[in-house]
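Presented below is the structure to which this report refers.
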Amino acid sequence: MTSVGLGLPSIRSRRGQPRRPPAPGLIDEYGRVARDLRVSITEKCTLRCTYCMPEQGLPPIDSHALLTASEIIRLVDIAVRHLGIREVRFTGGEPLIRRDLEKIIAGCRRLHSQLPLSITTNAIGLDRRAEGLANAGLDRVNISLDTVDRALFTRLTRRDRLPSVLAGIRAARLHGFTPVKVNAVLNADTLATAEDLLQWCLNENVQLRFIEQMPLDADRTWNRTDAVTADDLLGVLRRRFRLAPHGRIDSSAPAEEWTVDGGPARVGIIASVTRAFCGDCDRTRLTAEGTIRPCLFSDTEIDLRSALRAGVSDDELAKSWRDAMWRKQFGHGIDNEGFTPPARSMGAIGG
Ligand code: SAM
Ligand code: SF4
């Protein structure tokens, strides 16, 4: 058995398993099994983060092309009943833009009472929606916030909405979405404010994870030389905090955790570029237009929407999903000579 250079021995070569086994789950030809489903429900957003969206927003998806709430609920149900999916996260674009998010959550919850359901959100408007989402059966929220410096936030997101995000975070805590997790993507501008962001999260009792920026911005401005790495970040945080390695919480959660000032508080760092974890990837993605996207970085997508609307059975949809995942590529290859970013940017895939 040959292993490939993604730092993880569990990946088999393509020659290892030429044909998909009749396994019920979402296995790929490198032996990875997807159990975590990310569902993008819109391409629209209230912000325009420079590392994600173009200034004018993404090209709008035709309303007929967008999956409806009941189609999303059916596909989630198939993923859970037929394909071994154990948790579902709704994302976008900005999931709170959809007025039927509560309906989607409630529909999934009615069918699967124990299924962990979460959203990734910029939290704008969450103060008004948190109660309804909790009542619908949402378990957790991950909130994206890169800096607590208002001027910098405005420059980075092209919108002056920091107070609204902070109100959303507080509302999430108030309505029992614990732990509230904050995700921060850093660039050369915001790096110097990372210490203030960590201090704010410690004060507010929310868990902070930093994520290395990936070459998934619509403006294609990412470049290797300027990209902030996990090591750059550790250097900055150590100016104010004592950090001790705490290891990884579980193999499919790619954050390296560090205890802060002796604990119990911790901070996570996801080195998605400099310490690739593709070998442990357990994700499958459904785009807002109903295509399966096996890998963030591959342009290969398999259309389920047409089959769904043509009336095919749950069994057939599950088989198409399995076939799609079997061919998942083995890694992002950012470090490879000739790497080209995928055509879709992060906001159009669903991060
Ligand atoms: N709008 C929601 C939000 O911002 O949380 C959900 C969608 S957003 C695309 C999901 C996550 O992807 C956010 O945490 C965001 O910071 C992250 N993201 C966007 N572009 C990224 C990039 N180029 N590299 C790494 N993470 C990125
Ligand atoms: Fe919108 Fe999220 Fe992308 Fe920022 S990261 S532009 S909030 S989708």
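Whatever order the structure lists them in is the order used to number ligands and atoms, beginning at 1. Since this is a predicted model, take the numbers as computed values, not measurements.
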Give the atom numbers and elements of ligand 1 that come within less than 4.0 Å of a heavy atom of [X].
X: E94; result: 1 (N), 2 (C)
X: G92; result: 7 (C), 9 (C)
X: N122; result: 2 (C), 3 (C), 5 (O)
X: G93; result: 1 (N), 2 (C), 6 (C), 7 (C)

Next on the checklist: Could you walk me through whether D315 and H82 satisfy the side-chain contact (heavy atoms from CB on, under 4.5 Å) test, starting with their C-alpha distance in whole Å, then the side-chain angles of each, then the deciding distance to 0.1 Å, before giving a yes or no?
Outcome noted: CA-CA 8 Å; D315 279 339; H82 293 255; 3.0 Å; yes
Return the residue, atom name and 0.1 Å-rounded distance of the protein heavy atom closest to [atom].
atom: atom 21 (C) of ligand 1; result: Y51 CD1, 3.6 Å
atom: atom 26 (N) of ligand 1; result: V185 CG2, 3.5 Å
atom: atom 25 (C) of ligand 1; result: M214 N, 3.6 Å
atom: atom 19 (C) of ligand 1; result: M346 CG, 3.3 Å
atom: atom 14 (O) of ligand 1; result: S144 OG, 2.8 Å

Item to check | W222 vs M214, side-chain contact (heavy atoms from CB on, under 4.5 Å): CA-CA, chis, key distance, verdict | outcome: CA-CA 7 Å; W222 185 95; M214 295 183 275; 5.5 Å; no
Next on the checklist: My understanding is that only one of D219, L58, L216, D217 makes a side chain to side chain contact (heavy atoms under 4.5 Å, CB included) with S345; could you say which?
Outcome noted: L58
Next on the checklist: Testing L202, V260, I269, V182 one by one against L208 for a side chain to side chain contact (heavy atoms under 4.5 Å, CB included), which residue passes?
Outcome noted: V182
Verify, without hydrogens or angle tests, whether [X] (side chain) and [Y] (backbone) share a donor-acceptor contact under 3.5 angstrom.
X: K328; Y: R283; answer: yes
X: R109; Y: H112; answer: yes
X: R129; Y: E102; answer: no
X: E55; Y: R48; answer: no
X: Q207; Y: P179; answer: no
X: N183; Y: I143; answer: no
X: R285; Y: C295; answer: no

Item to check | Region of T121 engaging ligand 1 - heavy atom pairs below 4.0 Å | outcome: backbone
Item to check | Region of T120 that comes within reach of ligand 1 [heavy atoms, distance under 4.0 Å] | outcome: both
Next on the checklist: Is a donor from one side chain sitting under 3.5 angstrom from an acceptor on the other, for E131 and N135?
Outcome noted: no
Next on the checklist: Please check whether T91 reaches ligand 1 - meaning an N/O of the residue sits under 3.5 Å from an N/O of the ligand, judged on distance alone.
Outcome noted: no
Next on the checklist: Evaluate D146 for polar contact with ligand 1, using N/O atom pairs at a separation under 3.5 Å.
Outcome noted: no
Checklist entry - Which count of protein N, O or S atoms is obtained for distances strictly below 2.8 Å from atom 3 (Fe) of ligand 2? => result 1
